[in-house]
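The figures that follow rest on heavy atoms only: side chains count, while hydrogens, waters and symmetry mates do not.
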Amino acid sequence: MTEPDLVKQLGDTQTALNVVWTLLTGFLVMFMQAGFALVETGLTRAKNAAHTMGMNFLVYSIGIVGFWSLGFALQMGGVGPLATFGSDPALNHELIVRLAGKDFGLCGLKGFFLSPDLLTPGVAALFLFQLVFMDTAATIPTGAGAERWKFSSFVAFSFVVSTLIYPVFANWTWGGGWLSALGSNFGLGHGHVDFAGSSVVHMTGGVMALGVATALGPRQGKFGPRGAVRAVPGHSAPLVVIGTFILAFGWFGFNAGSTLAGTDARIAVIAVNTMLASGAGAVSAYVCTKARFGSPDVSMLCNGMLAGLVAITAPCAFVTAPFAVLIGAVAGALVVASALVIEQTLKIDDPVGAISVHGVCGAWGIVALGLFADGRYGEGLNGVPGTVRGLLYGDPGQLVASCIGIVTNLAWVGGATFVALRVIDALVGNRSAAQDELDGLDVSEMGGPGYASDALAKRFLRAPEAHEGPRSSIVRTHRIEQASR
């Protein structure tokens, strides 16, 4: 075998290994959908279990169709050669505007509907991996809108997320867009850096959750006539805990998989930092809830772990272990404090704490990268020579770029969410009927209760012919039973 043949064979083997690694970690991230479904369902009431599960299930399927048709091309259509997948050059068309002698990438223009000539192994692996990231972001608002979001409105909004809202911001950060070029264009560090999605995935999801919760308004009875907060307990702590562990497990795919290369030994450091931050977040939330309320709260402990994971997602490849613990600990405290402010001061009803976990702590993760990146990783990232360094390691420009990314996320995602929900409300309405909300959305929106042990379910199974649709006799029967209790 000649030397050129040997070099080619080694290169092909490395590319194949990277494809396998990316697919396997993408499968892990896909399984996080189950974790989200369990956490959100456990944190809400039993009468809405089927509705909450239904949203978490269908958002995945809607996301597949939307991202395949439009979203992937807008996000990654101009990313350029795929370095870890044999420098595949297929995605090479970015919409660029030139201002003051600088190029600003706005969105990709290649890859719509994944035409056969485009679907190489490298592009296919990238598509699958980016798809499950997008679906994670799209799932987050379902928790904030739980127990009162009209299902048809949820369907329409999820399609907008997968085709427009998420892909555009993801392009600006990961697809060769203008945020990633803040370093090469203006000398701001390596541009807006987000290794695995604290802003692209989680802050995007949190800002959308804020928009959904605000547009829908609080659940009936959540606030008293003078604004007093009333507790609306979820129905299953076991579901919440199991779901949280599934999410924490999937997060190793989320963060370590973002190398897009099984040959990158940094994956071990990334995995350890991810684990450390998750534990620190849960312990910090325990300390805060114990000090504030006198006893721990299981749901807040779980949200503390998730907050630590969200925060470490951006800086996981760039920080040392002590800083990973610090980042997670701060996130655990932030999620408790911000949840109280959002609920008690702002009077926003977020049944699962999605705004705090993903929005607030996602922003903290981006700030943490701008502060603590230690210069051991990221050589040449975003076309800037050298490694990624934060403020504490000599590059204040990296923190500035991080802050620009946060403000841009708030402006784009928040604005697009507002417009989308206003249009959808005009077309189909955003909120379920008041009486349906009181009865529970399982029967009126989903056609049947989530738990077969419920008396209504037993009646439904005995007389299925009585079920004539959302306004059927079974709904009226349920209301009579509710009134008699």
Side-chain angles (χ1 to χ4, degrees), residues 14 17-36 83-85 125-126 128-130 132-133 136 174 193-202 242-285 302-332 357-358 361-362 364-366 368-369 371-379 381 387-388 390:
Q14 180 173 330
L17 176 59
N18 292 343
V19 167
V20 170
W21 166 254
T22 301
L23 290 176
L24 288 175
T25 53
F27 302 155
L28 280 177
V29 177
M30 179 269 168
F31 191 56
M32 291 172 70
Q33 294 291 135
F36 277 113
T84 59
F85 302 136
L126 183 66
L128 185 146
F129 194 74
Q130 295 298 337
V132 292
F133 272 54
T136 299
W174 290 342
V193 175
D194 184 353
F195 187 76
S198 286
S199 68
V200 175
V201 177
H202 296 286
I242 294 170
T244 300
F245 274 125
I246 290 174
L247 287 169
F249 176 64
W251 230 288
F252 291 116
F254 214 99
N255 287 2
S258 291
T259 59
L260 302 180
T263 54
D264 188 340
R266 192 70 176 179
I267 57 179
V269 174
I270 293 168
V272 169
N273 282 342
T274 300
M275 179 176 283
L276 290 172
S278 71
V283 171
S284 177
C302 290
N303 274 348
M305 175 171 282
L306 297 177
L309 289 164
V310 166
I312 199 61
T313 296
C316 57
F318 306 107
V319 299
T320 61
F323 276 127
V325 172
L326 175 64
I327 291 167
V330 171
V357 171
H358 300 279
C361 294
W364 160 237
I366 294 297
L369 185 151
L371 291 172
F372 306 134
D374 68 351
R376 299 187 186 189
Y377 189 72
E379 175 65 44
L381 185 64
T387 53
V388 179

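Residue Gly365 comes nearest to Pro315 through the heavy atom pair O-CD, 3.7 Å, listed as atom of the first residue, atom of the second, then distance. Closest non-hydrogen pair, Ser258 versus Ala196, comes out as OG-CB, 3.3 Å. The heavy-atom pair separating Ile267 from Gly262 by the smallest distance is CD1-O, 4.3 Å. Pairing each heavy atom of Ala307 with each of Ala331, the nearest pair is O-CB, 3.4 Å. In terms of heavy-atom proximity, Gly304 sits nearest to Ala285 at CA-CB, 3.7 Å. The heavy-atom pair separating Cys302 from Thr244 by the smallest distance is CB-OG1, 3.2 Å.
At a threshold of 4.5 Å between non-hydrogen side-chain atoms, the residues Thr263 and Asn18 count as touching. Side-chain contact between Leu326 and Phe372 is present, with heavy atoms from C-beta onward closer than 4.5 Å. Using a 4.5 Å cut-off on side-chain heavy atoms (C-beta onward), Phe129 and Leu260 make contact. Contact annotation: the side chain of Leu309 approaches that of Met305 to within less than 4.5 Å [non-hydrogen atoms, C-beta and beyond]. Phe27 places a side-chain heavy atom less than 4.5 Å from the side chain of Leu128. Between Val269 and Tyr377, the closest side-chain pair of non-hydrogen atoms is not below 4.5 Å. Considering only heavy atoms from C-beta on, Leu369 stays 4.5 Å or farther from Asp194 through its side chain.
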### Task
Would you sort out whether Thr84 and Trp21 count as a side-chain contact (heavy atoms from CB on, under 4.5 Å), showing the intermediate values?
CA-CA 11 Å; Thr84 59; Trp21 166 254; over 6 Å; no

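When atom types are taken as modelled, the side chain of Ser284 and the backbone of Gly281 share no donor-acceptor pair closer than 3.5 angstrom. Without hydrogens or angle criteria, Thr387 side chain to Gly378 main chain gives no donor-acceptor distance under 3.5 Å. Side-chain N or O atoms of Trp251 include none that pairs as donor or acceptor with a backbone N or O of Val310 at under 3.5 Å. Put simply, the side chain of Asn273 never gets that close to the backbone of Ile312: no donor and acceptor are under 3.5 Å apart.
A distance of 9.0 Å separates SG of Cys361 from CG of Asn303, quoted to the nearest 0.5 Å. Within the model, atoms SG of Cys316 and CG of Leu276 stand 12.0 Å from one another, a figure rounded to the nearest 0.5 Å. Residue Ile242 holds its CD1 atom at 12.0 Å from CG of Leu247, rounded to the nearest 0.5 Å.
Checking Thr274 against Asn255 by side-chain atom types alone, a donor-acceptor pair falls below 3.5 Å. In this model, no donor atom of one side chain and acceptor atom of the other lie less than 3.5 Å apart for Asp374 and Thr320.
The pair Arg266-Asp264 does not count as a salt bridge, with every side-chain nitrogen at least 4.0 angstrom from each carboxylate oxygen.
Using cut-offs of 30° and 60° for the angle between ring planes, the His202 and Phe254 rings count as tilted.
Around the CZ atom of Phe252, the shell of radius 6.0 Å holds more than 12 heavy atoms that belong to other residues, nucleotides or ligands.
Partner Phe195 forms a side-chain contact (heavy atoms from CB on, under 4.5 Å) with one of Thr259, Thr313, Leu381 and no other, that one being Thr259.
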